[in-house]
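Taking it in order: structure first as structure tokens, then the write-up.
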Amino acid sequence: MPETFTFGEMLSARSVIGSTLAELGEDHEDLWVLTPDIGATLVEFREKHPERFLDVGLAEQVCVGIAAGLAYDGMIPVVSGMLPFLSMRTLEQVRTDVCYPNLPVKIIGTHGGLVGNGGSTHYAVEDLSLMCSLTNMTVTSIGDPLMVGDIIRQSMTMSGPIYIRLAVGKKDMILYEAGRHEVRIGQGIVARDGQDVTLFTHGTTVAQALTAADQLAGEGLSVRVVDMFTLKPVDEDLIARCAGETSGRFVVLEDHLAYGGLATRVADVVADRGIRLTSFERLGIPQVYAGFGEDEQLRDKHGYGLTATLDAVRRAATTAVSAGV
């Protein structure tokens, strides 16, 4: 079975954001970029299009409000900053000023999940649940830095808002060979095929899922890894297909609260469509404030690191099909 990913090649997602926005600014005279004092990524755009760049300082609510005003005036605004604050501090502005009138505001941010060692105030771990609950909002979580450019380009023609979640964005692993997968908002990627268990994931944990699948292949387990980088609208047809093709055995891994993120989205599809599963496990952050530590250390501490992932997939794989409910 050919591998559809490569390890060891690193790239900054932030640099991809900066270069992509600078490039798009040449073709889209209505593109504006705003930031709440997190503008190091945006130097290229600021230098090329200073009249359409705005740093409001540490005032995330103001930033989103101005973006909404620009959108009302026919512009295409991008807000770039840190997600713990763009998802929590600005929630009312995002809901009422952006989502209610369904404006084409793009919210791009870093520090999604337990990354950056900033402590609980600086972790975005509730963000996907919050954003998925908002009417009209499209929600994505990107693991491969090269995908960021694809998603930003596609978002330029969207009529409504989009939320783009990244990790720290300074040193990210390239996961996919160029041209191997079609990247489309709303469609999941089968990053690695398999028949025994489907391992759904997104964002920072895609690399961990692929590592787990590679190790388990040595034990004779065939694990399908699905990068469900769009959480809303989630790829319902792919979820249903995976249930049929991997004997209804699902594990969901994510750097987010275990309830409210991708696992909840998958479970909703299963319930709504009446899909019969053999096993279902969710791996994520329990209902605790995670504390300080490096991301891998915190994943192990809270039960969704590599070892926990291997164990969960093994359990799912050994569940008898007749036990499905």
Side-chain angles (χ1 to χ4, degrees), residues 13-14 17 33-39 41-42 56-68 71 77-143 148 151-152 155 158 160-169 185 202-205 228-234 254-265 284-285 287-290 295 298:
R14 296 188 192 186
I17 294 171
V33 175
L34 304 88
T35 182
D37 200 31
I38 311 292
T41 302
L42 310 170
V56 305
L58 289 176
E60 287 84 0
Q61 294 133 311
V62 172
C63 199
V64 171
I66 293 173
V78 173
V79 176
S80 178
M82 289 181 64
L83 294 182
F85 313 112
L86 287 179
S87 64
M88 301 280 289
R89 187 173 294 162
T90 70
L91 185 60
E92 181 180 1
Q93 285 72 30
V94 172
R95 173 187 179 271
T96 305
D97 298 346
V98 173
C99 290
Y100 184 38
N102 198 26
L103 297 174
V105 175
K106 294 100 176 58
I107 298 173
I108 306 173
T110 60
H111 294 79
L114 299 183
V115 297
N117 201 6
S120 294
T121 60
H122 283 59
Y123 297 143
V125 298
E126 308 92 346
D127 61 317
L128 297 174
S129 178
L130 294 170
M131 291 296 149
C132 283
S133 71
L134 298 179
T135 301
N136 293 324
M137 179 64 82
T138 295
V139 180
T140 65
S141 176
I142 312 301
V148 178
I151 299 306
I152 293 173
S155 75
M158 292 177 58
I162 185 171
Y163 182 81
I164 302 175
R165 183 196 216 229
L166 306 172
V168 177
I185 295 172
H202 61 84
T204 56
T205 49
M228 198 65 85
F229 69 90
T230 306
L231 283 83
K232 183 186 177 187
V234 75
E254 57 188 323
D255 197 9
H256 185 271
L257 292 177
Y259 289 83
L262 178 60
T264 295
R265 304 290 294 174
I285 305 163
Q287 284 288 314
V288 299
Y289 291 107
D295 52 353
L298 290 173

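Residue numbers count from 1 along this sequence.
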Task: Heavy-atom check, side chain of L128 versus side chain of R265, under 4.5 Å - done: no

Open item on the list: I need the S141 OG to L166 CG distance, nearest 0.5 Å.
Closed with: 8.0 Å

TODO: Search all heavy atoms of M228 against all heavy atoms of H202 and return the closest pair with its distance.
DONE: O-CB, 3.6 Å

Task: Pair T230-I151, side-chain contact (heavy atoms from CB on, under 4.5 Å): steps then yes or no - done: CA-CA 10 Å; T230 306; I151 299 306; 5.9 Å; no

Task: Shortest non-hydrogen separation from D97 to L103 and the atoms involved - done: O-CD1, 3.3 Å

Open item on the list: Within this structure, what is the CD-CE distance for the pair E60 and M82, rounded to the nearest 0.5 Å?
Closed with: 9.0 Å

TODO: Rounded to the nearest 0.5 Å, what's the gap from CG on L298 to OH on Y123? Could you check?
DONE: 5.0 Å

Open item on the list: Are the side chains of N102 and P161 in contact, using a 4.5 Å heavy-atom criterion?
Closed with: yes

Open item on the list: Less than 4.5 Å apart, side chain to side chain, heavy atoms only: is that true for V105 and V64?
Closed with: no

Open item on the list: Give me the atom names and distance for the closest heavy-atom approach of Q287 to L257.
Closed with: NE2-CD1, 3.9 Å

Task: Single hit among L83, T121, L130 for side-chain contact (heavy atoms from CB on, under 4.5 Å) with M88 - done: L130

TODO: Check the pair Y163 / D127 against side-chain contact (heavy atoms from CB on, under 4.5 Å), numbers first and verdict last.
DONE: CA-CA 10 Å; Y163 182 81; D127 61 317; 2.7 Å; yes

- [ ] Verify, without hydrogens or angle tests, whether S80 (side chain) and T35 (backbone) share a donor-acceptor contact under 3.5 angstrom.
- [x] no

Open item on the list: Within this structure, what is the CD1-OG distance for the pair I108 and S155, rounded to the nearest 0.5 Å?
Closed with: 6.5 Å

Open item on the list: Please determine whether side-chain contact (heavy atoms from CB on, under 4.5 Å) holds for the pair M131 and S87, giving the CA-CA distance in whole Å, both sets of side-chain angles, and the decisive distance to 0.1 Å.
Closed with: CA-CA 7 Å; M131 291 296 149; S87 64; 4.0 Å; yes

Open item on the list: Measuring only between side-chain heavy atoms, which start at C-beta, is V115 closer than 4.5 Å to T110?
Closed with: no

Open item on the list: How long is the straight-line distance from OG1 of T140 back to CD1 of I107, given to the nearest 0.5 Å?
Closed with: 11.0 Å

Task: Side chain proximity check, C63 to T90, heavy atoms < 4.5 angstrom - done: no

- [ ] Kindly give the heavy-atom pair with the smallest separation between P104 and A71, and that separation in Å.
- [x] CD-CB, 4.1 Å

Task: Check: H111 side chain, V168 main-chain N or O, donor-acceptor pair, under 3.5 Å - done: no

Open item on the list: Using 0.5 Å steps for rounding, measure from the CG atom of L86 to the CZ atom of R165.
Closed with: 13.0 Å

Open item on the list: Determine whether a donor-acceptor pair (N or O, by modelled atom type, separation under 3.5 Å) exists between the side chain of E254 and the backbone of L262.
Closed with: yes

- [ ] Could you pull out the closest heavy-atom pair between A290 and S120, with the gap in Å?
- [x] N-OG, 3.4 Å

Open item on the list: For T205, is there any backbone N or O sitting under 3.5 Å from a side-chain donor or acceptor partner on D255?
Closed with: no

Task: Any donor-acceptor pair under 3.5 Å from K232 side chain to V139 backbone - done: no

Task: T204 versus A167, closest heavy-atom pair with distance - done: CG2-CB, 3.1 Å

Task: I185/I162 under side-chain contact (heavy atoms from CB on, under 4.5 Å): CA gap, chis, key distance, verdict - done: CA-CA 10 Å; I185 295 172; I162 185 171; 3.9 Å; yes

